Amino acid sequence: MEPILLKTTEEAKGKRLDAFLADSTEELTRSAAAQLIETGGVLVDGRTAVKSLRLSGGETVELTLPEPEPIDAVPQNIPLDVVYEDEDVIVVNKPAGLVVHPAPGHPDGTLVNALLYHCGASLSGIGGALRPGIVHRIDRDTSGLIIAAKNDAAHQALTAQLSDHTLGRTYECIVTGTLREDSGTVDAPVARHPTDRKRMAVIAGGRNAVTHWEVIARYPGYTHARCRLETGRTHQIRVHMAYIGHPILGDTVYGSKKPVAGLTGQCLHAVELQFIHPRTGELVKLSCPLPEEFTKMLKKIDR
């Protein structure tokens, strides 16, 4: 794999190397970081280092991750809230806390494992053994509608709709602070954060990212808003709302680090989905209600 370059900041001063890598990458736990350091997979300013090295800030850390071992997702009997299903596609209302597909740290217990159990062998193979049928993603701690393809033709058609923006995705969220305008657009490129690989950021030269938003209701210190994705970058709505000064309530990555009592994750829900059916050519519009946590939070901030 291509080496990953990280630049340590003043905030990293005094932190152990293995802890820094675990905090700054999606791929490594602290034990995995320690093992990688011990096997020579990490260089600090071009030299091998020990896991207990205390950083000074300003170092260049280069890590080379081993190729992932191939694993196959297995069917698991995990309950699904199926909103729509036919021979070509299945749409599920995903709960917050459910990971979409297996990955390091989440080898099973994912939406893919549940789909394999529910659909049997009837899922598109385009996503490979770990992502069969998966057309787009929703963050683990975001809830709402997600579509999967049951055959390769449907998968290709839906992927094309993602590219030309005919696959529409609308979210509702609660953001901190008061959005003064009734609607707006955030057009700002998004890329991986230069020093923290667990985060995305608005960065010049990043991938084009456009989010349209409108106010549903205003509350003291908060705004209930609707967001429509024109593009679909990783963490896009979360990054864009934080970028304009209104991070999503409960988002401990881009907003306050303190978890919000009563919320599993961030207050962000994929409420509507529309697509051109890959077989019939008809427009399909689907919606789902806000989760109980979301509605309770609306009542709480209204008080």
Side-chain angles (χ1 to χ4, degrees), residues 2 4-7 24-27 94 96 99-101 103 127 131 134-148 155-216 223-256 265-276:
E2 286 292 318
I4 296 170
L5 294 178
L6 298 172
K7 191 76 173 177
S24 303
T25 66
E26 289 183 313
E27 298 88 350
K94 186 190 84 67
V99 176
V100 170
H101 58 76
R131 307 185 187 189
I134 298 301
V135 177
H136 65 106
R137 289 176 53 191
I138 291 181
D139 299 337
R140 178 186 65 185
D141 291 332
T142 299
S143 57
L145 298 179
I146 181 170
I147 189 170
H155 200 137
Q156 290 167 341
L158 293 170
T159 300
Q161 291 179 45
L162 272 179
S163 298
D164 65 18
H165 313 312
T166 51
L167 197 159
R169 290 157 293 160
T170 301
Y171 291 70
E172 288 189 21
C173 58
I174 299 174
V175 301
T176 58
T178 302
L179 287 163
R180 298 188 181 279
E181 303 295 329
D182 290 337
S183 62
T185 295
V186 185
D187 185 348
V190 170
R192 184 71 61 185
H193 193 283
T195 60
D196 185 349
R197 286 181 56 82
K198 289 185 177 181
R199 303 177 63 202
M200 307 297 288
V202 169
I203 295 177
R207 298 182 71 188
N208 175 51
V210 180
T211 304
H212 305 283
W213 59 265
E214 61 180 301
V215 171
I216 297 174
T223 305
H224 181 193
R226 181 180 293 109
C227 295
R228 180 174 62 83
L229 288 174
E230 184 172 315
T231 56
R233 309 306 176 206
T234 301
H235 299 177
Q236 179 175 312
I237 294 175
R238 298 165 61 192
V239 171
H240 273 174
M241 299 314 287
Y243 176 69
I244 63 173
H246 298 281
I248 293 173
L249 181 64
D251 190 342
T252 57
V253 175
Y254 300 103
S256 171
Q266 55 269 356
C267 221
L268 180 63
H269 180 69
V271 70
E272 295 176 1
L273 178 75
Q274 70 174 40
F275 59 96
I276 307 298

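Treat the numbers as computed from the prediction; the structure is a model and nothing was measured.
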**Q** For a 4.5 angstrom cut-off between non-hydrogen side-chain atoms, does Ile244 reach Trp213?
**A** yes
**Q** Is it the case that the side chain of His212 and the backbone of Arg228 share a donor-acceptor pair, with hydrogens and angles ignored and the cut-off at 3.5 Å?
**A** no
**Q** Counting C-beta onward and ignoring hydrogens, is there a side-chain heavy-atom pair between Ile248 and Tyr254 closer than 4.5 Å?
**A** no
**Q** Compare every heavy atom of Leu179 with every heavy atom of Met241, then report the nearest pair and how far apart it is.
**A** CE-CD1, 4.2 Å
**Q** Side chain to side chain contact (heavy atoms under 4.5 Å, CB included) for Val190 and Thr234? Distances and angles first, verdict last.
**A** CA-CA 8 Å; Val190 170; Thr234 301; over 6 Å; no
**Q** Is it true that a side-chain atom of His235 and a backbone atom of Arg199 form a donor plus acceptor pair closer than 3.5 Å?
**A** no
**Q** Could you tell me whether the side chain of Arg233 and the main chain of Asn208 form a donor-acceptor pair under 3.5 Å?
**A** yes
**Q** Over all heavy atoms of both residues, which pair between Leu167 and Leu162 is shortest? Give the atoms and the distance, please.
**A** CB-N, 4.1 Å
**Q** How many angstroms lie between CZ in Arg226 and SG in Cys173, if you round to the nearest 0.5 Å?
**A** 10.0 Å
**Q** Write down the atom of Leu6, the atom of Pro194, and the distance for their closest heavy-atom approach.
**A** CD2-O, 4.3 Å
**Q** Any donor and acceptor pair, going by atom type alone, linking the side chain of Lys94 with main-chain N or O of Arg140 inside 3.5 Å?
**A** yes
**Q** Checking the side chain of Thr176 only, and the main-chain atoms of Pro247 only, is there a donor and an acceptor separated by less than 3.5 Å?
**A** yes
**Q** Does the side chain of Met200 reach to within under 4.5 Å of the side chain of Arg238, using non-hydrogen atoms?
**A** no
**Q** Work out which heavy atom in Thr178 is nearest to a heavy atom in His246; give both atom names and the distance.
**A** O-CE1, 3.3 Å
**Q** About how many Å separate NZ of Lys7 and OG of Ser24, when rounded to the nearest 0.5 Å?
**A** 14.0 Å
**Q** So, taking the atom named CG in Leu268 and the one named CG in Leu249, what distance separates them when rounded to the nearest 0.5 Å?
**A** 11.0 Å
**Q** I want to check something: taking the side chain as every heavy atom from C-beta on, are Val239 and Val186 in contact at a cut-off of under 4.5 Å?
**A** no
**Q** Looking at Gly177, is its backbone amide N or carbonyl O close enough to the side chain of Thr223 to form a donor-acceptor pair, meaning the two atoms are under 3.5 Å apart?
**A** yes
**Q** Could you check whether any side-chain heavy atom of Ile138 comes within less than 4.5 Å of a side-chain heavy atom of Tyr171, counting everything from C-beta outward?
**A** yes
**Q** Working to the nearest 0.5 angstrom, can you tell me the gap between Tyr243 OH and Thr211 OG1?
**A** 12.0 Å
**Q** Please step through side chain to side chain contact (heavy atoms under 4.5 Å, CB included) for the pair Val253 and Lys198, ending with a clear verdict.
**A** CA-CA 9 Å; Val253 175; Lys198 289 185 177 181; over 6 Å; no
**Q** To the nearest 0.5 Å, tell me how far Ile147 CD1 sits from Leu273 CG.
**A** 5.5 Å
**Q** Can you see whether Asp187 engages Thr185 through a side-chain donor-acceptor pair at a distance of less than 3.5 angstrom?
**A** no
**Q** Please report the interatomic distance OG1(Thr159) to CG(Asp164), rounded to the nearest 0.5 Å.
**A** 11.0 Å
**Q** Minimum heavy-atom separation for Ser143 to Ala96, with atom names?
**A** CB-N, 3.7 Å
**Q** For Gln236 and Val210, indicate whether the former's side chain and the latter's backbone hold a donor-acceptor pair under 3.5 Å.
**A** yes
**Q** Donor-acceptor pair, Asp139 side chain versus Asp141 backbone, under 3.5 Å?
**A** no
**Q** Working note: Cys227 + His240, criterion side chain to side chain contact (heavy atoms under 4.5 Å, CB included); need CA distance, chi angles, decisive distance, verdict.
**A** CA-CA 10 Å; Cys227 295; His240 273 174; over 6 Å; no
**Q** If we only count heavy atoms from C-beta on, is the Asp182 to Glu214 side-chain gap below 4.5 Å?
**A** no
**Q** Any side-chain heavy atom of His165 sitting closer than 4.5 Å to one from Leu229?
**A** no
